[in-house]
Each structure stands twice: as C-alpha cells, then as structure tokens.
There are 2 protein chains.
Amino acid sequence: MKPKATLKKISDKLQISISTVSRALKNHPDISEHTKQKVKELAELMDYEPNNYAISLRTNNSKVFCIMVPQISNLFYHSFISAVEEEARLYGFSLMILQSGGDPAIEIANLKICRQNRVAGIFVAIGTATKDIQPFLKMDDLDVPVIFFDKVPSFQACNKVCIADEKAGTIAADVLLRNNKKNILGIFGDPEMSITKKRLDAFSQKIAEKGKSIQLKTKHALTAEAARKIVHKCLTPLQKIDAIFCMSDEILTGVMKAVQELKLKVPESIGIIAHSNGFIPNLYSPEISYVETSGHKLGKLAYNRMSACLSGSTFIQELTVESVYIEGGSL
Amino acid sequence: MKPKATLKKISDKLQISISTVSRALKNHPDISEHTKQKVKELAELMDYEPNNYAISLRTNNSKVFCIMVPQISNLFYHSFISAVEEEARLYGFSLMILQSGGDPAIEIANLKICRQNRVAGIFVAIGTATKDIQPFLKMDDLDVPVIFFDKVPSFQACNKVCIADEKAGTIAADVLLRNNKKNILGIFGDPEMSITKKRLDAFSQKIAEKGKSIQLKTKHALTAEAARKIVHKCLTPLQKIDAIFCMSDEILTGVMKAVQELKLKVPESIGIIAHSNGFIPNLYSPEISYVETSGHKLGKLAYNRMSACLSGSTFIQELTVESVYIEGGSL
DNA sequence: AACATTTTCGCAAACGTTTGCGGCAAAGTA
DNA sequence: TACTTTGCCGCAAACGTTTGCGAAAATGTT
C-alpha cells in the first residue's frame, strides 16, 4: 500500500518538526493548542492515516488479536467472534481469524503466523486432537496472552472462559424430568473433552437423583452423521425412548434428520432438547427447546480477561458463563 | 510481543553483519554457502521469527488480506473464506475478517482499519444498503486491489467474482419444469441487488418459455421471517402452489419453517428447491434439492484475481462461477 | 606483472512513528 | 536584578529489517 500522507509531509508543510506533528496528533500537553489545531486540520485535509506497522515496530505493541477456531462454520463461534469483534473495535484492535481444522499441526503453524504478526493476544478453541498445549503456553513467555474458550485443556493451569458445563448439563436434565420423561437418550460429544465429561456427569447425576424410575442411555457422537445413526439404532419398537438430549447443535442436526426420516412426531412421539445457540432449534416447527450456550457472553468475558492480561494481570483464571433455558415446543 | 531473537542477535553471535544475516536467510546469491548454513542453523536454534512489522515497513508491502462481509453467519461466506484462507496460507498471507453488519458506515470504518493496517488487498461482499462504492474504489488509488464478491455493485466497473446468476436462475426453473410443477411460488432476495435481478429474470424467462400453462408468482423476502410469512400468505386452499423456489439459504429456512407449521408433506404436497451451499438442505428429510451456490470455487477464483492484481494487472474483470444442480428428495 | 572480473562481505541509509532529553524564551518569584 | 520554573518546541535515537553501493580479497586473463 502506498500511503499518501506521512508525519514528515505534514511537518514539511507546516515548517515544524516531525515529533511535534506526532505529539500534536496525540494531544500531548507539551504542544500548544494553536499548533495542535493546525496539525489536526492539515492531517484531516491530507487524509493522514497512521502507519500501524511503524507504530507497532516502534512501540513493540500491536493492535491485532487472533481468534483461532477449528472451523468458522460452528455456529457457537459466530456469536463469540462477533462479541470479541465488537469489543475490539471499541479499543482500536483488529481481529485475525485463523482456522485450524482441528489439526494440531495447523494450530502450530497458526501460532507461528501469530508470532510473525506479533499479535497482542490469542483467543483459541483447540481441536479435539490437541493434547500438547505447551506451544500455546509458550506464547505467554513472549508476553502474548492466550485465552482458551469452548474446547479448553482439561487439567493444565491456563486462562479459560467457558460455559458452566455442569449447570448446562443439570438444566437440561432438570427440564426433561419436569416434563416427566422416563426413557432418555443422551447424545454427548467427544468423550475426551472436558466439556463433554462435565456435562455428562452433571446430566447423569441429576437423572440419577430421581432413582431407578428414569432410564438413561448415553452415547457419544463426533459428527452429525454419527448422531443420526445412533438415533436409528436406539429408536426401535423395543426401546421406548421418549426424549433425546443433544449436547450440541451439530448433534441436534443429526438427530433431527433421523427423527424426520423415521417420521416421528415432535413432541408427541419424541421429545428433543439440546444445548444450542438457537439458530438450529429455530429451523424446525415446533421449535426445539434448548439450553442456550451462546458464545456472545463468553466473547465479552473472554475479551475482559484478555484486557486484564494485557494490563499486567498475571494470575490464571478460569471463568464461566451461566446457561439459560429457552422453551420451544419439542418437549 | 517480546521477540527473543533478532537479526542483530544472530549477527552478534556469528561476528558478521546484520545485512549478511538477512541475505543468508533469504538465500541471497552474494552470500557463501558456508555462511548461509551457519546463519540458518543459529536462526533455527534461536527460534528466530522475522518481525513482519519491520518487513512491511521497510518493503511497504504487507502480507495481510482483508475479507469484509456483512455477517460471518452467512453460510455462503464460510466456504468462500475457507477457500481464500487455503490459498493465502500457501503464499504466506494472513486474513483479517471484518464484519460490516450491512451498515455502510461500518464499511467505511472497516476501510479505515484496512488502510491503517496497510492490507495488501480486500475481498468485499457489500451490504444491501451500500450505494456509494467510491470509498472502495479509492483503495485502488492506494494500490490496494478490491475484489467484490457475492453482493457486488451492479453498474460500476470494478473487479467482481460471482456466481453465474442467470445460469443459477435458469437451472432452478428448468428443474421445476422437468418435475412438472405448474404453480410456482418464487421467493427472491432484495430486489435492488443485481444478483436478485439476474436470477429472477432468468428464472422468469425460463418459466415463461413454457407458455401460459405454468403459473409463476414472485415475491421478495429480506429475512427468513419475511419468507415464512409469504408462505403462510400464499399457500391457501384457493391457491394451488405446488412448488416453492427459495433464492437463498436464509429464505429456505423461513420457507421450511412455514411448511412444517402448515404440516405440509414434502414433496407430496409441496415441492421445494433452493439456491444453497448445501448445509441447510441437508438438515431436512427428505433432503431439499438445490442449485449449489458454493462459495468455495468463488473463493479460489477471487484469490486468483487478487494475485493478478497484485502482480500488476490493472484491467477490470468480472468473473463468474457456474452452478450445479444437486438432487435431494424435495421435488 | 598488470589489469579485469568475480566473490563475499560490511556500511549506511531507508521505511514511519514515538519518545527522552535538552535548548530557548517567557513568565514567575525572591 | 538574578534565579527558578514553565511552556513549547526540535534533535536524535530507537524499533527490525532490507537493500544499494562500495571495498577488499581472490581468481582469471592478457
């Protein structure tokens, strides 16, 4: 890009020094109001745009964050990204969004891109295959805060923001119980992810509290297609499943596909509840009841945490956002 | 970010000059193989990462593209973005994705962000409210190529890549005719957008070729909700609509919602066909037949065009990608 | 041996901006 | 009047990298 106006050009025209131009544009107290006004007017007239590369090189400080996700097509990430973008825009930051495809090798390559671009901080949802987060923790040594969100490392001490998984699990189970469901199929995500473990444990525990009168069968699905197959396999005349819990939007799409294929009536023949951001549940009639796991609040929280880290906060925090139940017509 | 290794540190350790280190890492022919090897080994040992800010400042050349879209939740953009990201990654470019919310004022602010970050080029899907594209064309004066895609300016001479709208419209109409649909409701997008005009004209013309035996009613919907209401209004016992064409995924979601609410059987009572990237049609059973308007090929094409512009090509091109019909079970 | 060419480096300037420090003039204080 | 403080600027260096040009040594040619 060929910039048209620089500090030097302004200083030449006004017969003042470059440093004065710089200070005037920054409202530095050492510069007189008269000089400030002249500088600002001319800068505006000349469409002066600061060169962020020069600024970042000089200040060793960039105004770019990276958001790294497995895939941008995951609906949960939309609201997260938009929330972070809103906040970032307020403070003059830009976002670089990098996809990893859930591949650890690409995550490493993405970290390299982050280092080369000297990003100020990284928000990352790791892939399910990511076991070693040392490369991420090393970014902290370079003073680049890393905030994990959604799929976060289970045991390592690191900055994390996530949905309150236990609560989300408990709410869903609670709703099913309140709707007198007796034979429940719970389809959860990747069993190795902490979000899955937490939600499953809370869900099962809540169901178990009701005693032997409630049957719960739990399965795991990593894709919509896997979830679809589980439904075909479990919903046989011998097994009177009366409700299905879907731990994610993706699982919900697979379940709903199977329900339609089996021509089951919702909620008459089968009840459905999901963890969702709301987009998919609203595609169906009656609308699917869901426990909202919106990324929006999470994005705001993650941004706050990032700001704290950039301001010098060095301690590790794991923050959570509560879920809320949104009633549709599927139970 | 606090970099650990710099050219200077390497040059200090090897007792050679900074410029030699730089040239060695770039395989400059003036540097001996012996020196190159020593430099590269030490650079790797020290985890040297070039500082892109310094490079961009010195070379007046950045390796960042901007993709500007109204909203990342639009499914069409996922494949477009992923395609551009794949190509960009191959050539060492990063992507900055900015949302405009379809607001022209935010588009202007985003262009400012692009200038401040000295982006190498911009891929932009403008919002429906954007009338004045002069601010975009001005980026060309700054040697920042702008490639319009999806929602593109109608009349201005500018670089555009889009789906072959006429062909997409014709294919959909052709499919409906081949399935002997006699009473068709066509729901199109914003009537002011060129993609809408082109698809509607081609669609209508194809239907009209069949003579008076085919009834076509066309409507416009800017949201899924508007599409839903149109279906409720048009599908009365007096109006024997036997097929609905949906010009986008968003319109399709509204139409399918209404179809479910009205408890219509697809395809027995009503046929459905849409322009789509495939995600939404696959959520239903039977799957919705669609004319694929995938952003993936478009992304590759857009990237090619961008490369040509960066290599010095100054003439204006409007490039198109053909659509393909994907049969589901909805007709 | 003298001159020309090639190889392989180093110096220094450039990019655009920020910022510490000092200089000078004006105003304030004893 | 002499000294101190304040206001308002400019100089110069810094950031990390690239690159033009020149210098010195080695090699080649007459």
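Quick note on labels: first sequence line is chain A, next is B, and so on, each numbered from 1. If you're wondering where the values come from, they're calculated on a predicted model, not measured in any experiment.
The side chain of B:S22 places an N or O atom within less than 4.0 Å of a non-bridging phosphate oxygen (OP1 or OP2) of D:dT18. Regarding contacts with the backbone of D:dT17, every side-chain N or O of B:T59 stays at 4.0 angstrom or more from both OP1 and OP2. Proximity of A:T20 to the phosphate of D:dG10: a side-chain N or O atom is located under 4.0 Å from OP1 or OP2. Between C:dT18 and A:K26, a contact under 4.0 Å exists linking OP1 or OP2 to a side-chain N or O. Remark: A:Y53 is not in phosphate contact with D:dT18, judged by side-chain N or O atoms under 4.0 Å from OP1 or OP2.
Rounded to an integer number of Å, the gap from CG of B:N60 to C1' of D:dT17 is 14 Å. Nucleotide D:dC9 holds its C1' atom 13 Å from the NE2 atom of A:H34, rounded to whole Å. If you measure from atom CG of B:D30 to atom C1' of D:dA23, you get 13 Å, rounded to the nearest angstrom.
A donor-acceptor contact under 3.5 angstrom links the side-chain atoms of A:S19 to the base of D:dC11. A donor-acceptor contact under 3.5 Å is formed by the side chain of A:R23 with the base of C:dG20.
A cation-pi arrangement is absent between B:R118 and B:F65 under the rule of less than 6.0 angstrom and at most 45 degrees off the ring axis. Judged by a 6.0 Å distance limit and a 45° cone about the ring axis, B:K63 is positioned over the six-membered ring of B:F93.
Residue-level contact check: A:I55 touches the backbone only, with heavy atoms under 4.0 Å from sugar-phosphate atoms and none from bases. In this structure, B:I16 reaches the sugar-phosphate backbone alone: every heavy-atom distance under 4.0 Å involves primed, P, OP1 or OP2 atoms, never a base. Counting any heavy atom pair closer than 4.0 Å across all strands shown, B:T35 reaches sugar-phosphate atoms only and no base atom.
Note that the CE atom of B:M306 and the CD1 atom of B:I122 stand 7.5 Å from one another [nearest 0.5 Å].
Other residues, nucleotides and ligands place more than 12 heavy atoms under 6.0 Å from the NZ atom of B:K40.
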